[in-house]
Amino acid sequence: MEYIDLRSDTVTRPTPEMRAAMAEAEVGDDVFRDDPTVNRLEELAAEMLGKEAALFVPSGTMGNLLALLVHCQRGDEVIVGNRSHIYLNEAGGMSALGGIQPCPVQNQPDGTLALEDILASIRTEDVHHPITRLVCLENTQNICGGVPLTPEYTRQVAELVHRNHLLLHVDGARIFNAAAAHNIPARELVEPADSVMFCLSKGLAAPVGSMLVGTTRFIARARHLRKMLGGGMRQVGILAAAGIISLEKMTKRLGEDHARAKRMADGLRQVKGLVVDAGSPYTNMVYLNLADDVPANAGQITETMRNLGVLVDPENARRFRLVTHYWIDDEAVEKTVSAFAKSLN
Ligand SMILES: Cc1ncc(COP(=O)(O)O)c(C=O)c1O
(Lines give C-alpha, C1' and ligand atoms only; values in the text may rest on other atoms or scores of the structure.)
Protein backbone atom coordinates (compact mmCIF):
# COMPACT_ATOMS: atom_id res chain seq x y z
CA MET A 1 0.00 0.00 0.00
CA GLU A 2 1.19 3.53 -0.81
CA TYR A 3 0.84 5.37 2.51
CA ILE A 4 0.13 9.05 3.01
CA ASP A 5 3.06 9.74 5.32
CA LEU A 6 2.62 12.76 7.60
CA ARG A 7 5.00 11.65 10.36
CA SER A 8 7.66 14.18 9.35
CA ASP A 9 9.14 16.03 6.40
CA THR A 10 12.21 13.81 6.87
CA VAL A 11 10.27 11.03 5.10
CA THR A 12 10.50 12.84 1.75
CA ARG A 13 11.95 10.71 -1.01
CA PRO A 14 14.10 12.35 -3.71
CA THR A 15 12.18 13.68 -6.72
CA PRO A 16 12.66 12.05 -10.16
CA GLU A 17 14.73 15.11 -11.17
CA MET A 18 16.97 14.57 -8.15
CA ARG A 19 17.44 10.90 -8.98
CA ALA A 20 18.47 11.80 -12.54
CA ALA A 21 20.89 14.50 -11.31
CA MET A 22 22.37 12.04 -8.80
CA ALA A 23 22.94 9.44 -11.50
CA GLU A 24 24.78 11.93 -13.68
CA ALA A 25 26.62 13.90 -10.98
CA GLU A 26 30.23 14.80 -11.62
CA VAL A 27 32.19 13.62 -8.57
CA GLY A 28 35.64 13.65 -6.98
CA ASP A 29 37.18 13.04 -3.57
CA ASP A 30 35.57 15.65 -1.36
CA VAL A 31 38.10 15.21 1.45
CA PHE A 32 40.65 16.51 -1.11
CA ARG A 33 38.07 19.23 -2.01
CA ASP A 34 37.98 17.66 -5.49
CA ASP A 35 34.26 17.12 -5.84
CA PRO A 36 32.93 19.84 -8.14
CA THR A 37 29.29 19.13 -7.29
CA VAL A 38 29.89 19.47 -3.54
CA ASN A 39 31.90 22.64 -4.14
CA ARG A 40 29.00 24.08 -6.13
CA LEU A 41 26.48 23.14 -3.42
CA GLU A 42 28.64 24.74 -0.71
CA GLU A 43 29.05 27.96 -2.73
CA LEU A 44 25.33 28.12 -3.39
CA ALA A 45 24.42 27.52 0.27
CA ALA A 46 26.82 30.22 1.48
CA GLU A 47 25.43 32.66 -1.05
CA MET A 48 21.77 31.96 -0.24
CA LEU A 49 22.37 32.33 3.49
CA GLY A 50 24.55 35.42 3.05
CA LYS A 51 27.63 33.90 4.71
CA GLU A 52 31.25 33.51 3.58
CA ALA A 53 31.43 29.72 3.46
CA ALA A 54 29.50 26.48 3.84
CA LEU A 55 30.13 22.82 4.63
CA PHE A 56 28.09 19.79 3.52
CA VAL A 57 27.46 17.47 6.47
CA PRO A 58 25.64 14.13 6.72
CA SER A 59 22.95 15.32 9.13
CA GLY A 60 21.49 18.28 10.97
CA THR A 61 22.65 16.76 14.23
CA MET A 62 26.26 16.71 13.02
CA GLY A 63 25.95 20.29 11.72
CA ASN A 64 24.71 21.55 15.09
CA LEU A 65 27.35 19.55 16.95
CA LEU A 66 30.13 20.97 14.77
CA ALA A 67 28.92 24.52 15.45
CA LEU A 68 28.96 23.85 19.19
CA LEU A 69 32.42 22.27 19.04
CA VAL A 70 33.88 25.15 17.02
CA HIS A 71 32.33 27.93 19.12
CA CYS A 72 32.89 26.40 22.59
CA GLN A 73 35.65 25.01 24.75
CA ARG A 74 35.17 22.09 27.15
CA GLY A 75 33.38 23.30 30.28
CA ASP A 76 31.64 26.18 28.49
CA GLU A 77 27.92 26.71 28.70
CA VAL A 78 25.39 27.16 25.89
CA ILE A 79 21.99 28.81 26.31
CA VAL A 80 19.35 26.71 24.52
CA GLY A 81 15.56 26.49 24.45
CA ASN A 82 14.12 23.89 26.84
CA ARG A 83 12.03 22.61 23.91
CA SER A 84 14.79 22.81 21.33
CA HIS A 85 16.01 19.94 19.17
CA ILE A 86 19.62 20.59 20.21
CA TYR A 87 18.67 20.17 23.86
CA LEU A 88 16.13 17.33 23.60
CA ASN A 89 16.86 15.30 20.51
CA GLU A 90 20.55 15.24 19.66
CA ALA A 91 21.52 12.44 22.03
CA GLY A 92 23.34 14.77 24.43
CA GLY A 93 26.15 15.13 21.89
CA MET A 94 27.30 18.51 23.14
CA SER A 95 27.97 17.09 26.63
CA ALA A 96 29.17 13.64 25.61
CA LEU A 97 31.49 14.71 22.80
CA GLY A 98 32.23 18.36 23.55
CA GLY A 99 32.18 18.59 27.36
CA ILE A 100 29.74 21.45 26.82
CA GLN A 101 26.97 22.15 29.31
CA PRO A 102 23.49 23.20 28.13
CA CYS A 103 21.73 25.96 30.04
CA PRO A 104 18.03 25.49 29.15
CA VAL A 105 15.83 28.57 28.99
CA GLN A 106 12.04 28.27 28.66
CA ASN A 107 10.74 28.42 25.10
CA GLN A 108 7.77 30.79 24.99
CA PRO A 109 4.65 29.49 23.17
CA ASP A 110 5.75 31.49 20.09
CA GLY A 111 9.06 29.60 19.99
CA THR A 112 11.18 32.51 21.22
CA LEU A 113 13.42 32.71 24.27
CA ALA A 114 12.51 35.84 26.27
CA LEU A 115 15.33 38.39 26.05
CA GLU A 116 15.27 38.88 29.84
CA ASP A 117 15.59 35.10 30.35
CA ILE A 118 18.61 34.97 28.05
CA LEU A 119 20.17 37.91 29.87
CA ALA A 120 19.50 36.36 33.28
CA SER A 121 21.11 33.09 32.15
CA ILE A 122 24.43 34.63 31.12
CA ARG A 123 26.94 33.68 33.80
CA THR A 124 28.80 36.37 35.66
CA GLU A 125 32.56 36.22 35.96
CA ASP A 126 33.02 34.05 39.01
CA VAL A 127 35.49 31.30 39.73
CA HIS A 128 32.53 29.00 40.49
CA HIS A 129 30.75 29.48 37.19
CA PRO A 130 31.07 27.93 33.77
CA ILE A 131 31.71 30.43 30.96
CA THR A 132 28.67 31.24 28.83
CA ARG A 133 29.82 31.16 25.22
CA LEU A 134 26.89 30.70 22.87
CA VAL A 135 23.14 31.14 22.43
CA CYS A 136 21.18 28.82 20.10
CA LEU A 137 17.87 29.69 18.47
CA GLU A 138 15.72 27.25 16.47
CA ASN A 139 13.92 28.56 13.37
CA THR A 140 11.33 27.26 12.67
CA GLN A 141 10.76 26.11 16.25
CA ASN A 142 9.53 22.57 15.80
CA ILE A 143 7.94 21.57 19.13
CA CYS A 144 6.31 24.98 19.63
CA GLY A 145 4.32 24.35 16.44
CA GLY A 146 6.74 24.88 13.55
CA VAL A 147 6.72 28.58 14.40
CA PRO A 148 8.88 30.90 12.30
CA LEU A 149 10.95 33.38 14.32
CA THR A 150 11.02 36.87 12.83
CA PRO A 151 14.12 38.69 11.55
CA GLU A 152 13.42 41.48 14.10
CA TYR A 153 13.46 39.02 17.01
CA THR A 154 16.66 37.34 15.77
CA ARG A 155 18.28 40.77 15.46
CA GLN A 156 17.31 41.65 19.04
CA VAL A 157 18.77 38.39 20.34
CA ALA A 158 21.94 38.90 18.28
CA GLU A 159 22.39 42.41 19.68
CA LEU A 160 22.04 41.14 23.24
CA VAL A 161 24.34 38.21 22.52
CA HIS A 162 27.07 40.25 20.87
CA ARG A 163 26.86 43.04 23.47
CA ASN A 164 27.71 40.35 26.01
CA HIS A 165 30.60 38.99 23.91
CA LEU A 166 28.77 35.76 23.12
CA LEU A 167 28.02 34.09 19.78
CA LEU A 168 24.72 33.19 18.12
CA HIS A 169 24.04 29.88 16.35
CA VAL A 170 20.75 29.25 14.54
CA ASP A 171 19.45 25.70 14.20
CA GLY A 172 17.68 26.48 10.96
CA ALA A 173 16.79 22.89 10.07
CA ARG A 174 13.69 24.45 8.42
CA ILE A 175 14.96 27.98 7.81
CA PHE A 176 13.54 28.01 4.28
CA ASN A 177 10.09 27.25 5.71
CA ALA A 178 10.52 30.28 7.97
CA ALA A 179 11.64 32.35 4.99
CA ALA A 180 8.61 31.22 2.96
CA ALA A 181 6.26 32.03 5.85
CA HIS A 182 7.67 35.57 6.12
CA ASN A 183 8.05 35.87 2.35
CA ILE A 184 11.65 37.07 2.64
CA PRO A 185 15.00 35.60 1.54
CA ALA A 186 16.50 33.19 4.10
CA ARG A 187 19.62 35.35 4.38
CA GLU A 188 17.55 38.14 5.97
CA LEU A 189 16.51 35.80 8.77
CA VAL A 190 20.06 34.84 9.73
CA GLU A 191 21.95 38.00 8.85
CA PRO A 192 23.13 38.67 12.44
CA ALA A 193 23.88 35.00 13.29
CA ASP A 194 27.46 33.78 13.58
CA SER A 195 26.57 30.34 12.24
CA VAL A 196 23.56 28.53 10.83
CA MET A 197 22.73 24.89 10.18
CA PHE A 198 19.96 24.01 7.76
CA CYS A 199 18.70 20.70 6.38
CA LEU A 200 18.39 19.61 2.77
CA SER A 201 16.76 16.34 3.76
CA LYS A 202 13.50 17.67 5.23
CA GLY A 203 11.02 19.82 3.30
CA LEU A 204 13.65 20.35 0.60
CA ALA A 205 13.34 16.63 -0.23
CA ALA A 206 17.02 15.68 -0.67
CA PRO A 207 17.70 12.12 0.50
CA VAL A 208 20.59 13.02 2.82
CA GLY A 209 22.45 16.03 4.13
CA SER A 210 22.54 19.36 5.87
CA MET A 211 24.63 22.50 5.48
CA LEU A 212 26.59 24.47 8.04
CA VAL A 213 27.34 28.08 7.11
CA GLY A 214 29.43 30.84 8.67
CA THR A 215 32.73 32.66 8.24
CA THR A 216 35.56 31.11 6.22
CA ARG A 217 37.53 30.61 9.42
CA PHE A 218 34.60 28.96 11.22
CA ILE A 219 33.97 26.60 8.31
CA ALA A 220 37.66 25.66 8.04
CA ARG A 221 37.63 24.59 11.68
CA ALA A 222 34.28 22.78 11.21
CA ARG A 223 35.76 20.92 8.21
CA HIS A 224 38.60 19.68 10.39
CA LEU A 225 36.22 18.55 13.12
CA ARG A 226 33.89 16.91 10.57
CA LYS A 227 36.86 14.72 9.55
CA MET A 228 37.54 13.96 13.22
CA LEU A 229 33.94 12.81 13.69
CA GLY A 230 34.17 10.53 10.65
CA GLY A 231 32.05 12.78 8.47
CA GLY A 232 34.63 13.29 5.70
CA MET A 233 32.82 11.77 2.75
CA ARG A 234 34.40 10.97 -0.60
CA GLN A 235 32.45 10.97 -3.93
CA VAL A 236 29.57 12.66 -2.19
CA GLY A 237 28.67 14.80 -5.19
CA ILE A 238 26.10 12.04 -5.77
CA LEU A 239 24.22 13.44 -2.75
CA ALA A 240 25.16 17.08 -3.32
CA ALA A 241 23.53 16.93 -6.77
CA ALA A 242 20.17 16.42 -5.07
CA GLY A 243 21.00 19.21 -2.60
CA ILE A 244 21.54 21.67 -5.44
CA ILE A 245 18.02 20.95 -6.70
CA SER A 246 16.77 21.40 -3.12
CA LEU A 247 18.24 24.89 -3.02
CA GLU A 248 17.47 25.99 -6.56
CA LYS A 249 13.96 24.58 -6.87
CA MET A 250 12.50 23.13 -3.69
CA THR A 251 13.02 26.29 -1.63
CA LYS A 252 10.62 28.05 -4.00
CA ARG A 253 7.69 25.68 -3.48
CA LEU A 254 7.47 25.45 0.33
CA GLY A 255 4.49 27.82 0.34
CA GLU A 256 2.49 24.97 -1.24
CA ASP A 257 3.21 22.77 1.79
CA HIS A 258 2.14 25.58 4.10
CA ALA A 259 -1.10 26.12 2.17
CA ARG A 260 -1.88 22.38 2.32
CA ALA A 261 -1.14 22.29 6.06
CA LYS A 262 -3.61 25.16 6.46
CA ARG A 263 -6.25 23.32 4.42
CA MET A 264 -5.67 20.17 6.45
CA ALA A 265 -6.02 22.08 9.74
CA ASP A 266 -9.24 23.74 8.50
CA GLY A 267 -10.65 20.33 7.58
CA LEU A 268 -9.61 18.73 10.88
CA ARG A 269 -11.21 21.56 12.85
CA GLN A 270 -14.55 20.27 11.49
CA VAL A 271 -13.91 16.72 12.78
CA LYS A 272 -15.67 16.00 16.06
CA GLY A 273 -13.21 14.72 18.65
CA LEU A 274 -10.19 16.72 17.42
CA VAL A 275 -8.92 20.02 18.79
CA VAL A 276 -6.42 21.67 16.45
CA ASP A 277 -4.07 24.07 18.27
CA ALA A 278 -5.18 27.70 18.03
CA GLY A 279 -3.05 29.40 15.39
CA SER A 280 -1.79 26.11 13.89
CA PRO A 281 -0.27 25.78 11.35
CA TYR A 282 2.41 28.47 11.09
CA THR A 283 4.36 26.60 8.42
CA ASN A 284 4.18 22.91 7.44
CA MET A 285 3.22 21.41 10.83
CA VAL A 286 -0.29 20.87 12.17
CA TYR A 287 -0.49 20.13 15.90
CA LEU A 288 -3.70 18.78 17.39
CA ASN A 289 -5.11 17.00 20.44
CA LEU A 290 -7.82 14.45 21.00
CA ALA A 291 -10.80 16.05 22.75
CA ASP A 292 -11.22 15.07 26.41
CA ASP A 293 -14.33 13.00 25.67
CA VAL A 294 -12.60 10.75 23.09
CA PRO A 295 -12.07 7.38 24.80
CA ALA A 296 -9.36 6.14 22.38
CA ASN A 297 -5.78 7.28 22.88
CA ALA A 298 -3.43 8.61 20.21
CA GLY A 299 -1.70 5.22 19.85
CA GLN A 300 -5.00 3.52 19.02
CA ILE A 301 -6.01 6.27 16.57
CA THR A 302 -2.57 6.02 14.95
CA GLU A 303 -3.15 2.30 14.37
CA THR A 304 -6.60 2.89 12.86
CA MET A 305 -5.18 5.65 10.64
CA ARG A 306 -2.43 3.29 9.47
CA ASN A 307 -5.07 0.73 8.46
CA LEU A 308 -6.73 3.51 6.46
CA GLY A 309 -3.43 4.28 4.70
CA VAL A 310 -2.31 7.36 6.66
CA LEU A 311 0.80 7.47 8.84
CA VAL A 312 0.75 10.02 11.68
CA ASP A 313 3.09 10.79 14.55
CA PRO A 314 1.61 10.67 18.08
CA GLU A 315 3.49 13.16 20.27
CA ASN A 316 1.98 11.73 23.44
CA ALA A 317 -1.17 9.84 24.47
CA ARG A 318 -3.46 12.70 23.33
CA ARG A 319 -1.47 14.71 20.81
CA PHE A 320 -0.42 14.48 17.15
CA ARG A 321 1.91 16.31 14.82
CA LEU A 322 1.16 16.16 11.08
CA VAL A 323 3.75 17.44 8.64
CA THR A 324 3.07 18.33 5.01
CA HIS A 325 5.81 18.06 2.37
CA TYR A 326 6.53 17.52 -1.31
CA TRP A 327 4.76 14.14 -1.46
CA ILE A 328 1.53 15.37 0.15
CA ASP A 329 -0.86 16.59 -2.54
CA ASP A 330 -4.41 17.98 -2.35
CA GLU A 331 -5.94 14.52 -2.53
CA ALA A 332 -3.78 13.36 0.41
CA VAL A 333 -5.06 16.31 2.45
CA GLU A 334 -8.68 15.30 1.80
CA LYS A 335 -8.00 11.61 2.50
CA THR A 336 -6.31 12.51 5.79
CA VAL A 337 -9.28 14.54 7.00
CA SER A 338 -11.73 11.77 6.11
CA ALA A 339 -9.49 9.09 7.67
CA PHE A 340 -9.46 11.04 10.95
CA ALA A 341 -13.26 11.44 10.74
CA LYS A 342 -13.63 7.66 10.24
CA SER A 343 -11.18 6.87 13.04
CA LEU A 344 -13.08 8.97 15.53
CA ASN A 345 -16.72 8.39 14.64
C1 LIG B 1 14.83 21.56 14.50
C2 LIG B 1 15.72 20.41 14.13
N3 LIG B 1 17.05 20.56 14.23
C4 LIG B 1 17.89 19.59 13.90
C5 LIG B 1 17.44 18.38 13.43
C6 LIG B 1 18.43 17.28 13.13
O7 LIG B 1 18.47 16.85 11.83
P8 LIG B 1 18.94 15.35 11.45
O9 LIG B 1 17.76 14.47 11.69
O10 LIG B 1 19.34 15.48 10.01
O11 LIG B 1 20.09 15.01 12.32
C12 LIG B 1 16.05 18.17 13.30
C13 LIG B 1 15.54 16.88 12.79
O14 LIG B 1 14.37 16.59 12.75
C15 LIG B 1 15.17 19.22 13.67
O16 LIG B 1 13.84 19.07 13.59
Side-chain angles (χ1 to χ4, degrees), residues 5-14 41 45 49 54-69 78 80-94 96-97 102 104 107 110-113 134-149 154 168-181 186 189-190 193 195-213 222 225-226 229-231 233 236 239-240 242-243 246 250 254 257 261 281-287 313 315 321-326:
D5 195 343
L6 298 161
R7 291 171 301 168
S8 177
D9 46 12
T10 58
V11 303
T12 43
R13 300 177 304 279
L41 172 67
L49 275 289
L55 184 70
F56 186 44
V57 291
S59 67
T61 300
M62 189 189 283
N64 281 333
L65 177 63
L66 288 174
L68 290 155
L69 293 178
V78 176
V80 290
N82 69 338
R83 308 183 82 193
S84 67
H85 197 276
I86 287 187
Y87 182 53
L88 295 175
N89 290 321
E90 298 191 2
M94 74 164 87
L97 303 171
N107 274 108
D110 66 357
T112 61
L113 309 180
L134 182 71
V135 175
C136 296
L137 293 178
E138 183 175 311
N139 196 6
T140 62
Q141 214 299 345
N142 180 347
I143 296 183
C144 293
V147 210
L149 306 181
T154 306
L168 176 64
H169 173 69
V170 174
D171 172 355
R174 298 181 179 81
I175 198 71
F176 285 98
N177 291 88
L189 278 172
V190 297
S195 57
V196 186
M197 183 287 291
F198 71 89
C199 294
L200 301 166
S201 60
K202 300 194 165 65
L204 302 182
V208 178
S210 296
M211 306 299 302
L212 184 61
V213 299
L225 289 169
R226 183 187 69 173
L229 293 179
M233 300 173 284
V236 72
L239 297 178
S246 291
M250 306 304 274
L254 292 173
D257 297 343
Y282 302 94
T283 51
N284 64 335
M285 294 178 180
V286 181
Y287 275 91
D313 178 31
E315 294 290 291
R321 182 189 74 166
L322 314 176
V323 187
T324 57
H325 51 75
Y326 181 81

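Whatever order the structure lists ligands and atoms in, that order sets their numbers, starting from 1. Just so it is clear, the structure is predicted and the values come from calculations on it, not from any experiment. We're numbering straight along the sequence, starting at 1.
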Counting only N and O atoms by type, is there a donor-acceptor contact under 3.5 Å from the side chain of Gln141 to the main-chain atoms of Arg83?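 Yes, Gln141 side chain to Arg83 backbone: donor-acceptor pair under 3.5 Å.
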
Which is closest to atom 3 (N) of ligand 1 in terms of heavy atoms, Ile143, Thr10, Asp171, Ile175?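 That would be Asp171.
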
Provide the closest heavy-atom pair for [X] versus [Y] in the form atom of the first, atom of the second, distance.
{"X": "Met62", "Y": "Gly231", "result": "CE-CA, 3.9 Å"}
{"X": "Tyr287", "Y": "Asn142", "result": "OH-O, 3.0 Å"}
{"X": "Phe176", "Y": "Ala186", "result": "CE2-CB, 3.6 Å"}

Examine the proximity of ligand 1 to Ala173 and report which part, side chain or backbone, both or neither, has a heavy atom under 4.0 Å away.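 It is the side chain that gets close, since no backbone atom is under 4.0 Å.
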
Heavy-atom distances under 4.0 Å are what count here, so tell me which part of Met62 touches ligand 1: side chain, backbone, both or neither.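 For Met62, no heavy atom sits under 4.0 Å from ligand 1.
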
Heavy-atom contact under 4.0 Å between Glu90 and ligand 1?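 Contact present.
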
Any non-hydrogen side-chain atom of Leu41 less than 4.5 Å from a side-chain atom of Leu200?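 In short, these two side chains touch, coming nearer than 4.5 Å.
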
Heavy atoms, side chains only, cut-off 4.5 Å: are Val190 and Val213 in contact?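 When only atoms from C-beta onward are counted, Val213 and Val190 do not touch, as no gap falls below 4.5 Å.
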
Indicate yes or no: does an N/O atom of Glu138 lie under 3.5 Å from an N/O atom of ligand 1?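 No - when backbone and side-chain N and O of Glu138 are compared with those of ligand 1, no distance drops under 3.5 Å.
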
For the 3.5 Å polar cut-off, considering only N or O atoms, please tell me whether Gly60 and ligand 1 meet it.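 Yes: some nitrogen or oxygen of Gly60 is under 3.5 Å from one in ligand 1.
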
Which of the atoms in ligand 1, numbered in the order shown and given with their element, are less than 4.0 Å from a heavy-atom of [X]?
{"X": "Thr61", "result": "6 (C), 7 (O), 8 (P), 11 (O)"}
{"X": "Asn142", "result": "16 (O)"}
{"X": "Ser59", "result": "10 (O), 11 (O)"}

Identity and distance of the protein heavy atom lying nearest [atom]:
{"atom": "atom 6 (C) of ligand 1", "result": "His85 CE1, 3.5 Å"}
{"atom": "atom 9 (O) of ligand 1", "result": "Lys202 NZ, 3.8 Å"}
{"atom": "atom 16 (O) of ligand 1", "result": "Arg174 NH1, 2.9 Å"}

Passing option when Asp171 is tested against Thr61, Val196, Asn64 for side-chain contact (heavy atoms from CB on, under 4.5 Å):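 Of the listed options, the one satisfying the test is Asn64.
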
Using side-chain contact (heavy atoms from CB on, under 4.5 Å) as the criterion, point out the one residue from Met285, His325, Lys202, Arg321 that pairs with Ser8.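 With Ser8 as partner, Met285, His325, Lys202, Arg321 yield a single side-chain contact (heavy atoms from CB on, under 4.5 Å), made by Arg321.
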
